[in-house]
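Below: one structure, written as structure tokens.
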Amino acid sequence: AADPIRLGASLSVTGRFSDAAKYLQEGYQLWADEVNQRGGIGGQPVQVITYDDESKPDSGRILAERLIDRDGVTVLLGPYSSPITDAIATAAERAQVPVIGTIASDSSIWERRKLRWTFQAFPTSDYDHEGFLRLLGEKGKAIKKVAIVYEEAPFSIRAKDWALAKAKEMGLTVEAYGYNPGAQDFRSIVERIVAFGAEAVAMGGYYQPSVALTRQMIERGYNPQAYFFIQAADGVTREALGQQTEGILGRSAWEPTLETPAARAFADAYRAKFGRLPSYHSATAYAAGQVAEAAMKAKGTDRAAIRDYIATTAIPTVMGTFKVNAKGQQEGYHYIATQWQGDTARIVGEGSANAVIWPKPAWK
Amino acid sequence: MLRVADIRVSYGQAIAVAGTGLHVPQGGWVALLGANGAGKTSLARAIVGLVRHQGRTTLAGEDISALPAWERQRRGIGYVPEGRQVFPRMTVEENLRVGAYTCPDAEVRRGLDMAFALFPRLAERRAQLAATLSGGEQQMLALARALMTQPKLLLVDEISWGLMPILVTQVFARLEELHRGGLTILQIEQNAREVLRRAQHAYVMAAGRIVLEGPAADLARDSRVVESYIG
Amino acid sequence: MSLTLFFQLLANGLVVGGLLGIVALGLALIFGVMRVVNFAHGEFITLGAYATYLLVTQLGASPLFGIPLALALGGAIGWLIQAGVIARVTERPELDMLMTTYALSVVGLGAFAAGFGGDFRSYSAGPSGSLDLAGVVVGWRSLTVLLTCLVMGAATLLLVQRARVGLGLRALAQNRDAAASCGINVIASERLAFSAAVALAAAAGALVSLIGTTTPTVGHGWVLDGFVVVMLGGLGSVAGALVAAFGIGFVQSFASYLLDDSWARIIIYLLLYAAILVRPHGLLGRQEHA
Amino acid sequence: MALVEARAIEKRFSGVVAVKDVDLLVAEGELLGLFGPNGAGKTTMFNIIAGAVRPTAGAVRFRGVDITAVPAFRRARMGIGRTFQVVRPFRGLTVMENLMAAVPSAAARDGRPADLAALLRGVGLEKRANDPAAALTLGMLKRLEVARALALSPQLLLLDEPLAGLSDRECADMLQFVATVRRSITIVMVEHNVHLALPICDRAVVMDAGSIIAEGTPGEIRKNPAVIRAYLGEDAA
Amino acid sequence: MSRAGSTAALAAVTVALGAVAAALPWLGVSSYVRTLVYYACYYMALGQAWNLISGMTGYVSFAHGALAGIGAYATVIALNAQWPVAAGLAAGAAAAGLASLVIGATSLRLRGAAFTFATLFFQELVLLIVRKLPAAGGPGGLVLQEIYPTSLPYVLMVVLAAVATIAVAALRFSRTGVRVLAIKHDETAAVAIGIDSTRLKVAIFCASAAIAGLVGSIHAIFVGSLFPDVVFAVEISLIALAVPLIGGVGTAMGPVVGALLYVGMREVFQVVAPGLHLTIVGLLILAVVLFMRDGIVGAAARAWATRRRTAVPAEGG
Ligand SMILES: Nc1ncnc2c1ncn2[C@@H]1O[C@H](COP(=O)(O)OP(=O)(O)OP(=O)(O)O)[C@@H](O)[C@H]1O
Ligand SMILES: Nc1ncnc2c1ncn2[C@@H]1O[C@H](COP(=O)(O)OP(=O)(O)OP(=O)(O)O)[C@@H](O)[C@H]1O
Ligand SMILES: [Mg+2]
Ligand SMILES: [Mg+2]
């Protein structure tokens, strides 16, 4: 057989981001297997090499060197989190190897410096609150005051800034409260929300603080009419909050319940292979593979040509149509809105047949 | 009462006690003399079980060789270590209470009264931290602490160290009194003149071995002892 | 600021302070007896939290049973670790001890990460609802935490300050040999102190899982704050630790409300450094003789 | 002019008055004995002169200079050396390194540095020069203390119980050594071993309960009834 | 061999190794291997900086990661303001040195564990402040506008590691070194023999911090991008301490051996036992602490001495 075309990824198999690694890996795996079944690219099979970066940027940087240098990869696929993507980018930019970022929603790493070889394949976090505010505009006519909670981290700050501007434009009164990454105690923020008299709350931080905030609002006996946190769609929410999830809004990069043919085909193939439904991580990984595939089909293994192709071409993927702007930020697809209804997080709002539960039922 | 044999203590490659022993009869008062570095303290620490060693130790007929320090204390060995070793961040009274750790509550009271009667200065300073006591006061505290449990055998390492003359006299007088009350004493001392006056039997150690022994009165006249330790 | 709000913030501070108190108490106990800065304390907190999580999700039990379970598990594991590892370094320089507990922390962290993955785990079972006292609302979960902390704190304080065991532990901390020749079983005492401290940490972990979420690093944040408390309260001073814990709980609660929680933490650290300048030995710490 | 002039010294430790209204003058070149019962305040006086403790009231002058506010290390460099009643060696350093640490740097002080080997011979530790201090016995450590203080090349040496823990024979050696040293250095010595220490003193001061109760030649002190009552005891007189 | 002799020999060996390492980029060695060598030197230099204050004085610092971070930030700010590289590095060293004076003013008065705690919090405090500081880029951090060739930070780091190693060796056997060790063993007695312990401690801490700051500066040029949470991760301080501990505290060779081993171990276990490699590293550190009292270098020296039938007392204590 011909020599394989190698692609590489630094994955967080251990450390803080380890839960997603499996899904990413399976997404890459499924994509590679399908390509190889189809006879490879230009007769060459593809191979995705992965290593564990322990969720640490320094390790990611070393692994990028190893992948580029020792394994001779043509394209690097993204790791988990923005700092690791940024670390890998530094190595890749020097070595002139294209990187297709997967779970790097924070578009600020493309703002801080010019990255020529590195692309974002995830929906950018700037639009985190987009779906929620749209629903608010449609359903929450009575709502005047909105509280936004954000983490003092770039992705969350940018999303907050976008949302603040948007909400003011909508004629709402908004207050935003920041918290320190790693915070566990949100009681004082809940008190501020109560004192402000917010009728709707949007939480733009990571998953764990979101759950903590939710619990402490419930404990405080405070009931907003609409409540949204960005990762609410994830299944773990159910485990953490039990029946209290009903009516909570969220946003997702992708859901297996998405009603597009590409999504359905992917979800079916994934389930057939791994015995479970894919998560948005799997879809992103698969999509990154699809972007690489399109570029390599067109340009072979010429890294510079691949780079130019990705920078300038709209590519259909399982996530939607991939397209980056001049900075390398992904602009083709945004997030979709979800809401907990019974046992599942359903897609709601734009283009979905599901009705929105409004206002959110009170917590018990 | 106490019989030790073939004791060996070494620190790394340095041999401090090179296989030696001694005997303290019931109700006796035995002195252990020797120059700096002879190994007296090491032997004492072996007897009370504070240093890793080889050899046999029997107390009142019971073999205690394998017992840890606290078990030996509970079988009646009181120890006044060299260099005071009080509990620095505890008050005088707390130090004494630790000394009575193994006693029933009633005896703690009695022990405290006795200690304060013996050393009125300690009574004055009962609430002062031990670290801030003067050198001599710490020495009194260390002795009083060892007496809290009414031990059968008292092992004293250089008690007169840093004590004012009056107090040396007093402490020796007190030891005599306790001895008359049936306490067995093994005393390590540089102040050979004072001990040999009171002890019945004495051993002299040099380079990790007992090199001389005999009735205290004889040793006090022995030219070798006089020359080296009394001067 | 309205009076209700004031009391609400005070109540919030109490809950955090109580939990912090328990964490710091364990640290102070270990430091006080063995002069060990226990870097692995956070892992013992995490242990208690995961144990409770498993109890709830695997056996469907109430998380309240997690508290005794954590106490027992922590006690047993503390005992084993003291006997197997810590005891080997007790008479060595402080640095060795530090490194030993650090290594234990790394091992623990690795094991949790491998066993449970990096994401958080949590459950929704357990007490729910809240108590409303004239507008001051405190959840039953938080109240459970506060009460448990107070009981455990009082018990530990009594043990160390009043009981003879406590006297022995303090003596042991100051002079191991002298303690042994006073009849104190130093080995058993050290083991007891360590395993009690680990039991406290694990119990704190059970409580943390009740009001928060559990990750392999959940203990770290608590333990860092615990060190602040121990330092403020005077190294090894058990009573000082409790006072400082509530103090920090209140500062945290009020400053987070008035500014934000990052500033609250900055203020706490600056207060700590100021305290170090003014009272180098902690609020209730005592100076050793020069 | 007196080498050391301590005037109206008082030291309180939260409640305890350790030293009250003490005037202590040490003449250049003398060997002054400082005696007194346990807890009389002798070590505290040493700490005040050496700068380890600040007096609550009073002033200390050294060679006419007021040093009351001068930190301890600087006093050491000015020429005040001391030993500790409870030995404080640098346990992990060798005997020789213990002395080396104390030798003032050439730039800081003129005069030639002490001959360390000779010092070690003087205290009988020459064979132990390369052993870590941790391996020495208490008696050896006492001698190391003295040697280390001398390595400073001090003008004033404060000896806190140099004889404690030594056998009578070794005491004689130590006193012999002190006698050699005193030819060039002013010494203040605290000692409980009065019958050995007193005879070699030029002058003696006796403290009790924080105050000076007697002062004079060894002969006078020995006969002083207050000293006998408070300190020596009848049979020692 | 005399002490001066062994210092000189060590210096020669270090310089030679450093020269070889520094020449690697031009010897056609793969960039992956060079990256590993770079990281080994990075940890080595940081470990030596730690060794200087903590190994020598016994004041265990947990602030070295933070000090390196301060150096990194200062350098990036300076370089972005168009300062020449040398000035940018000097800014890093100076900023860290200044920061150490702040810690020193409060914390060096404390002894033992209290100092350790104070440095541990310093790390966290700096992170909190940097996140609040617009000039430092806030939570988003900073990037170096210019991308330098990797060979620049590479050579600088190799040289720094070599220089730091020689400095520690020279200090250890100098008279100042003896005085510093005296502080470690008994500070009160040290003061009584004329050692200005405060000044000496502050000076050593400041020198140590300046080295740590330089490490951070160079690493900033290497990575080109700073995120506060990454730069001020506690883990970096822990590496600064683990590296000398594995190798041998207070010895010049300790951090050298420790750093090589640490980097090597990490690479091997990442491949051999991905999920468990953290646990394995922890167990190894534990094994070293439990069974090799003075690190691998100490254990090796003992083994060597035993073979030659001479006793070598444990260093430090
Ligand atoms: N911890 C130790 N490490 C190494 N060697 C030691 C240690 N303790 C004592 N030694 C050595 O053991 C020998 C005996 O010491 P020991 O303290 O028993 O003597 P001693 O007779 O009590 O002396 P002294 O009269 O000075 O108290 C000495 O040579 C001493 O150097
Ligand atoms: N830090 C302190 N706090 C409280 N009291 C103290 C402190 N330091 C010393 N003292 C008290 O001051 C008195 C004088 O102590 P000092 O050590 O000067 O006595 P001394 O004359 O040297 O006695 P000794 O001959 O026993 O060594 C003692 O009663 C002691 O308890
Ligand atoms: Mg002895
Ligand atoms: Mg004294």
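Just so it is clear: chains get the letters A, B, ... in the order the sequence lines come, proteins before strands, and each one is counted from 1.
- Listed here is the closest heavy atom pair of Ser134(B) and Gly39(D): OG-N, 3.1 Å.
- The greatest number of non-hydrogen atom pairs below 4.5 Å with chain B, out of Ala172(D), Cys171(D), Ala164(D), is found for Ala164(D).
- From His192(D), atom NE2 reaches atom CD of Gln139(B) across 10.5 Å, with rounding to the nearest 0.5 Å.
- Only the side chain of Lys142(D) has a heavy atom closer than 4.5 Å to any heavy atom of chain B.
- Other residues, nucleotides and ligands place more than 12 heavy atoms under 6.0 Å from the CZ atom of Arg203(D).
- The parts of Gln85(D) that come within reach of chain B are both its backbone and its side chain, each placing non-hydrogen atoms under 4.5 angstrom from that chain.
- With contacts defined as side-chain heavy-atom distances shorter than 4.5 Å, the pair Arg125(B)/Val16(D) qualifies.
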Taking only distance into account, with no hydrogens and no angle test, what donor-acceptor pairs under 3.5 Å do side-chain atoms of residues 112-121 of chain B form with protein atoms, sequence neighbours excluded?
| residue | atom | partner | partner atom | Å |
| --- | --- | --- | --- | --- |
| Arg121(B) | NH1 | Glu137(B) | OE2 | 2.6 |
| Arg121(B) | NH1 | Asn38(D) | O | 3.2 |

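- Shown here is Gln176(D), whose CD atom has no more than 12 heavy atoms of other residues, nucleotides or ligands within 6.0 Å.
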